[in-house]
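Below you'll find the structure, written out as structure tokens, and then a few comments.
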Amino acid sequence: MLTAALPYWPDPLLDALLIDFEQDSTTHDLQVREEAWAAACQAGHAVACEAASWRNEGPIAPDRARAALSESCGEGEPASCLAMGWLLSQARFGAPDPSQGAALMQGACEAGLTRACTDWAVALITADTDPALGDQLLSAGCAAGEAVSCREKGRRDGDVWLLERGCLLGDAIACRLAGQELLDGSDPGRAWTLLEAGCQRRDAESCLIAARAGRADWPIALLTAGCAAYNTTSCGRLASLYAAGAGVAQSTTLAGQFHRIACTHGEIGSCDMSDGPVGVPDFHRLRCERGDPAGCQHLGRQLRTEEPLRAREFLAAGCELGSDAACSDLGWLHAEEQDFETAGRLWEDACESGIAGACTGLGGLIRGGQGRKSDLSEAAAFDLRACALDASRCQTAAWLTLRGLGTQRDVATAVGFTEAACAAGEQAACTDLGWRLSVGQGISPDSSAARALWQVACAAGEQAACTALVFQEAIDPETLRQPCEGGEPSACAGLGIAYVTGKGLTPDRTYGLSLLEGACAAERVCVWGVCDGDGAVACRWLGHMYTQGAGVKTSRREARLYYRRACDLGDLLSCGG
């Protein structure tokens, strides 16, 4: 293992990869990128000489980049192995295998590439695999003159001196971080010097901070120069300044123009803001036409509702170009058309490549015996894998684990899955977690935490959470009338509960019961793995009414039937445990 300070190893290929993969800053323009690749080629790196065949002018296409770099890495090129590590471990590239990515970084580090040691160290610390070794590697890298090691060590230790050292060694982000620390402290003059250094090194965020604070004219001048060189981040930051009138005269016209320039050259966030002829679909179409499979996949997703035939065309193109995500989405189209055999084949390959949605789809096919033999254990294995790949998909794993369908029944594990899905932003899971917290089932009771979860989920449009708040008399049930009339079962459930209990409405048990029965009977509509029309809470409430004899004749048989349907619809509270 490496313990001593490592020698600095200048590497033209590494320089080109750092720029193209935007590892330290997103401010390099096309000319700088091309010059870096030309220098790497002249230095004898074959993969750099062939780069034109797999690189785009816009963002990196992960699948094509992996294919191009894997051979170079296999031949012992440390910089290529490090870039493969980025592709496998960083979220913006899809992160199909973070552990393998860290292993590639380790190999490049042990081959003597100091920057690889820095990124491996960050991976060790972030994943809590071996934080002590990670810290040791950062210290060694900083001592050896690796600017990013100083930045990461300073960031984690809150050490401004180390951040300043990283800045002096050439890292623009270290300049910005040190400047921000001092700007809030006792040395604003030094802070502006550091921010100016970061801005001059083309860190658009440093320029933005200074411009918003009205610091002279140099931030605007540098951002304008960067945008003129088609630096997408500079254009995007200029657009935000003109939109807000920060450091410049407010101009929505100029803001729109800069957003369009940024969008055209690869900044997706600016495409969302652009009100001109260049928008998100046009940007993705341009990427797809240049052979970027991710562009084809994104465009296919956007067209799937209004133009399904064109969506299929673009997804098929993305799949053919090597995008596992496009193959997965194409599988959902085939499943909607009842072509389960093709869907299963596409999902099997995509799931093996780490696409969580494909694992979810495949689990559902196998559980339902569609296109292949039903096998609950095999189906559960795919759903558990989907959960491991993407926490937002853990609610299905929670449902299976609580019912013991294909996997061992375990209440604590099921609740843990729900918590993970909620933490990942899945509002339906947060709603279920709120119900469990409200009654203390499988988790310590906490009514205030339950209400907080429901308020966030309801504000995000989760009607089942709004129903829960109606039950707590925290919102006006009349707010549910319009979505109920629009056919949303969860909203009808809340309105029905209000009529049955008299919470916020004049009691009308007959009408309330009819709303609950209709909501419970509603079918779930699932498109591309996303389901709407969930009347599970209505079924659970009906089960409660028949258990207690509240407004209906007591019937254990009817109660069991309603609880079972609620559980089948995914309501964990009705599954027992």
Side-chain angles (χ1 to χ4, degrees), residues 89-96 98 126-128 268-269 271-273 280 294 297-298 301-302 304-305 324-325 328-329 332 350-351 354-361 363-364 382-402 413-438 442-443 446 448-469 474-475 483 488-491 494 524-534 536-537 569-573:
S89 61
Q90 293 181 7
R92 64 195 184 93
F93 296 127
T126 303
D128 201 25
I268 297 176
C271 298
D272 294 328
M273 302 299 293
V280 175
Q297 187 249 338
H298 288 304
R301 278 206 156 198
Q302 290 177 338
R304 69 183 185 266
T305 302
D324 296 312
S328 176
D329 287 347
W332 286 105
C351 177
I355 304 298
C359 301
T360 297
F382 281 113
D383 282 302
L384 290 169
R385 182 171 184 184
C387 174
L389 289 167
D390 180 355
S392 68
R393 295 184 176 274
C394 286
Q395 192 67 345
T396 300
W399 178 69
L400 294 173
T401 305
L402 191 57
T413 299
V415 174
F417 285 144
T418 298
E419 289 178 306
C422 177
E426 182 57 45
Q427 297 304 329
C430 294
T431 302
D432 285 344
L433 184 60
W435 282 112
R436 284 194 168 273
L437 285 165
S438 69
I443 194 171
D446 189 333
S448 61
R451 178 177 289 205
L453 287 171
W454 288 333
Q455 286 172 334
V456 172
C458 178
E462 182 64 31
Q463 292 297 330
C466 301
T467 291
L469 291 172
I475 63 171
E488 171 53 60
S490 294
R524 301 181 85 190
V525 178
C526 298
V527 180
W528 290 59
V530 177
C531 299
D532 293 318
D534 183 2
V537 67
L569 287 172
D571 180 58
L572 301 188
L573 210 64

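Heavy atoms only: backbone and side chains are in, while hydrogens, waters and symmetry mates are out. Counting from 1, the numbers follow the sequence of the chain as shown. If you're wondering where the values come from, they're calculated on a predicted model, not measured in any experiment.
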With sequence neighbours left out, what residues match [X] under side-chain contact (heavy atoms from CB on, under 4.5 Å)?
{"X": "Ala325", "result": "Gln297, Ser323, Ile355"}
{"X": "Cys359", "result": "Cys351, Arg385, Ala386, Leu389"}
{"X": "Ala429", "result": "Gln395, Thr418, Ala421, Cys422, Glu426"}

When rounded to the nearest 0.5 angstrom, what is the spacing between CG in Leu433 and CD in Gln427?
11.0 Å
What residues, two or more places apart in sequence or in another chain, satisfy side chain to side chain donor-acceptor pair (under 3.5 Å) together with Thr413?
Asp410
Show me the side-chain donor-acceptor pairs of residues 448-460 shorter than 3.5 Å, one per line, residues at least two apart or across chains.
residue, atom, partner, partner atom, Å
Ser448, OG, Asp446, OD1, 2.8
Arg451, NE, Gln472, OE1, 2.9
Arg451, NH2, Gln472, OE1, 3.4
Trp454, NE1, Thr431, O, 3.1

Does some side-chain heavy atom of Leu400 sit less than 4.5 Å from a side-chain heavy atom of Phe417?
no
Side-chain heavy atoms of Thr360 within contact of Phe382, under 4.5 Å:
no
So does Asp324 get a backbone contact from the side chain of Ser328, meaning a donor-acceptor N/O pair under 3.5 Å?
no
Is it the case that the side chain of Arg393 and the backbone of Asp390 share a donor-acceptor pair, with hydrogens and angles ignored and the cut-off at 3.5 Å?
no
Compare every heavy atom of Ala397 with every heavy atom of Leu384, then report the nearest pair and how far apart it is.
CD2-CB, 3.8 Å
